[in-house]
Participant: 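Below is the structure I would like to discuss, written out as structure tokens.
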Amino acid sequence: MTAHGGVAENLSHVVFGWDPMTVATVVLVLTYGVIVTEKINRAIVAMLGAGLMILLGVLNQDAAIRGIDFNTLALLTGMMVIVSITRRSGVFQFLAIWAAKRVKARPRHLLWVLALVTAVASALLDNVTTVMLIVPVTLLITEELEVSAYPFLFTQIFASNVGGTATLIGDPPNILIGSAVGLSFNDFVMNVGAISFAILAVMLFLFDLIWGRRMTATDTAKNRVMGFSERDAITDKKLLKKSLLVLALVLFGFVVGHSYHQEPGTVALFGAALLMLLDNFHRDPEEQSHNVHETFGHVEWITIFFFIGLFVLVYGVEHTGLLSLLSKDLLVLTGGDLTITALAVLWSSAVFSAIVDNIPFVATMIPLIKSMAPEFGGAQGLMPLWWALSLGACLGGNGSLVGASANLMVAGFAERAGQRIKFLKFMALAFPLMLITVAIAHVYLYYRYLS
Amino acid sequence: MNCETALIKIPEVLKMDTSVRDAIAILFESDRKTLPVVDENDVYQGLFGGHQVLEKLLPQSFTMVGGLPDASFMHDKPSDLVPHLDKILDKPIADFVDRDGPVAKCSTPLVETLLLLYKHRTIVPVVNEEGKLLGQVSVWSVLSEIMKYK
């Protein structure tokens with residue numbers, strides 16, 4: 001999680017002389033417990049938990065700040081700013097309408113292409129943003145086609161999580177893992193990119209069996225969609241060109257940056273600043289202030305502060321030695337065998353991520369896995385475990401509506417459009433399908449890294 | 001001074017069971033953008049007007065929270081919108097009443113009434129303690145009251 005693993009210095013002056021490990025564990029368990037109930041906003045809970053870690057003396061403020069992974073925060077914030085400006089150009093409506101017209105608005109093929117657009121966009125942006133932009137167009141197209149939106153929304157949830165698995169920036173668990181371990185954009189593409197899209201292909205085949213083959217729409221309805229003008233969806237061509245240029249530069253920066261010791265956070269934040277410059281330099285100062293204020297307003301501060309709180313919480317328990325103790329227990333359970341450990345990480349991550357938010361789970365697993373390094377011959381020996389964690393946590397997010405933030409975003413849209421996605425109905429199909437995706441990842445991990 | 005001083009009579013009141021078709025006809029006839037709706041006991045329920053009809057003519061993807069920001073890529077002809085209108089014409093307006101609009105009481109201060117008119121850009125119905133509709137205030141009724149002191 002941070003470069004400060006281990007207990008190198010005494011950072012604890014716990015109140016009443018209580019045992020630091022006990023206090024940290026209680027605070028962590030309480031915080032995660034309240035997060036799981038979803039009664040209180042997760043950012044508030046994480047920040048309260050982080051505050052308790054400091055106030056109770058597990059960490060001092062300097063140590064807490066050292067525990068925060070600013071690379072992750074910069075990457076998230078930078079990409080949110082870039083997307084919030086890019087979306088104003090109408091490019092996402094363009095993509096969805098263009099794709100729909102390429103398949104002549106036939107519902108069966110539409111199910112595939114919209115899933116593909118969602119998966120690719122989720123790989124290059126974050127998956128929450130992707131569904132936020134694609135789902136409203138999907139609802140419009142399905143309304144015009146007079147077909148149920150449910151199969152499309154279900155498919156897009158899967159596509160966003162599977163597509164997000166493919167890259168460093170696609171899904172928050174990957175951002176956390178990449179930043180903590182120093183893995184590059186290319187590392188993710190090379191190790192989990194191909195398998196993610198192979199899994200997507202299998203899922204699309206299954207979705208076609210379940211829904212696609214039986215989907216029909218009248219010619220009148222299809223003609224309505226064919227009457228959409230994708231060119232008119234682009235509302236600001238100049239902004240589109242600027243946004244695509246910066247997006248391309250940022251992606252190039254992710255690919256080559258690692259070789260020049262440039263972290264993804266720097267690349268994303270610099271790209272965001274460049275795009276804001278291009279979007280504002282022709283405006284007068286007052287208009288600039290208004291525009292920049294609006295852009296920053298689109299940053300998901302709940303996610304950012306949730307991460308800040310989590311980093312402090314996890315650094316607290318890591319510092320007290322709890323996680324290395326747990327990792328030793330896990331190694332005893334797996335007999336110190338890399339194959340069993342990796343597969344245990346894969347399956348447990350998937351099941352946990354389906355039930356609870358995968359971000360706190362991954363944030364806790366990172367230092368735990370890091371502390372296994374001596375057992376497996378150093379940092380390089382841990383690589384299969386990182387890919388197991390990435391695949392398990394990202395794919396596991398498909399198991400239920402609460403498994404990933406993107407799922408909840410889609411469910412929210414569906415409810416507002418009067419097409420509520422029921423929790424149990426979704427899970428009854430999603431959980432077994434998720435297990436199939438993890439089984440594919442299991443075979444992949446075994447043959448690529450463990451056999 | 002409170003909003004009672006600017007209170008005026010309401011030309012027409014709609015009932016909850018009025019059909020959308022009849023309500024549109026009444027709005028046309030009375031040349032009003034919006035009219036108050038009351039139940040069988042004359043208790044105020046909300047407003048119904050052109051805005052509620054437009055909402056139903058548009059696909060939900062545009063009108064829901066977080067929906068599509070513009071519809072410039074759709075080039076529907078008036079005849080394409082007829083099916084949307086057909087779906088609602090015979091339904092009672094109770095299904096579409098805007099219950100979130102502003103409401104004032106006789107005791108509501110005049111400046112607060114001005115603020116309600118400024119924020120909501122519509123008439124402000126005035127009710128008594130039991131919620132029964134007494135009348136309305138409009139931009140013009142308030143302005144004419146203020147002009148008396150000029």
Side-chain angles (χ1 to χ4, degrees), chain A residues 84 87-98 100-101 128-129 131-146 149 152-153 218 220-221 223-237 294 298 300 408-420, chain B residues 16-17 19-21 23-24 37 45-101 115 118-121:
Chain A
S84 87
R87 67 186 294 190
R88 292 198 337 251
S89 67
V91 65
F92 298 98
Q93 285 95 306
F94 171 90
L95 269 178
I97 295 167
W98 175 82
K101 288 176 74 172
V128 175
T129 309
V131 298
M132 205 163 80
L133 299 166
I134 297 290
V135 166
V137 199
T138 304
L139 288 168
L140 174 66
I141 294 173
T142 52
E143 195 177 345
E144 294 292 306
L145 285 176
E146 295 166 16
F152 291 85
L153 300 181
T218 63
T220 317
N223 286 338
R224 276 203 293 271
V225 175
M226 292 305 287
F228 289 179
S229 165
E230 64 270 37
R231 282 176 180 275
D232 291 339
I234 301 293
T235 48
D236 190 336
K237 281 183 187 163
E294 197 180 309
H298 284 113
E300 291 162 44
L408 290 170
M409 183 66 76
V410 176
F413 271 116
E415 186 144 15
R416 291 200 288 277
Q419 309 216 30
R420 189 163 170 247
Chain B
M16 291 289 269
D17 56 0
S19 69
V20 172
R21 187 191 303 274
I24 291 173
V37 182
Q45 297 297 312
L47 291 170
F48 180 83
H51 188 76
Q52 282 68 44
V53 179
L54 289 185
E55 189 182 335
K56 294 298 159 189
L57 282 180
L58 285 164
Q60 212 161 13
S61 328
F62 294 107
T63 54
M64 66 183 184
V65 178
L68 292 167
D70 73 88
S72 51
F73 54 86
M74 286 181 82
H75 299 285
D76 285 16
K77 300 183 286 293
S79 58
D80 294 329
L81 300 172
V82 170
H84 292 286
L85 195 58
D86 279 345
K87 277 184 198 163
I88 59 165
L89 277 179
D90 294 317
K91 289 191 175 171
I93 58 168
D95 296 350
F96 309 104
V97 165
D98 173 16
R99 294 165 199 272
D100 301 324
L115 187 60
Y118 170 74
K119 278 186 182 169
H120 297 276
R121 300 178 184 207

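Convention: sequence-line order gives letters A, B, ...; per-chain numbering from 1.
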Participant: May I ask you to name which of A:T220, A:L139, A:L133, A:T138 has the most heavy-atom pairs under 4.5 Å with chain B?
Facilitator: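 Among the listed options, the one with the most contacts to chain B is A:L139.
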Participant: Hey, is the main chain of B:Q60 close enough, under 3.5 Å, to the side chain of A:E143 for a donor-acceptor pair?
Facilitator: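 Present.
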Participant: Could you look at A:F94 and say if it's the side chain, the backbone, both or neither that has a heavy atom under 4.5 Å from chain B?
Facilitator: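 The answer is neither part of A:F94.
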Participant: Contact part of A:I97 toward chain B, heavy-atom cut-off under 4.5 Å: side chain, backbone, both or neither?
Facilitator: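 Side chain only.
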Participant: Which residue is it: B:I88, B:L89, B:D95? I am looking for the one with a side chain to side chain contact (heavy atoms under 4.5 Å, CB included) to B:K56.
Facilitator: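 For B:K56, the side chain to side chain contact (heavy atoms under 4.5 Å, CB included) check succeeds only for B:I88.
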Participant: Heavy-atom distance under 4.5 Å to chain B: side chain of A:V135, backbone, both or neither?
Facilitator: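 For A:V135, neither part sits under 4.5 Å from chain B.
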Participant: With side chains defined as the heavy atoms from C-beta onward, is the minimum distance between B:V53 and B:F96 less than 4.5 Å?
Facilitator: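 No. Closest side-chain heavy atoms not under 4.5 Å.
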Participant: Is the shortest side-chain heavy-atom distance between A:L140 and A:F228 below 4.5 Å?
Facilitator: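 When only atoms from C-beta onward are counted, A:F228 and A:L140 do touch, with a gap below 4.5 Å.
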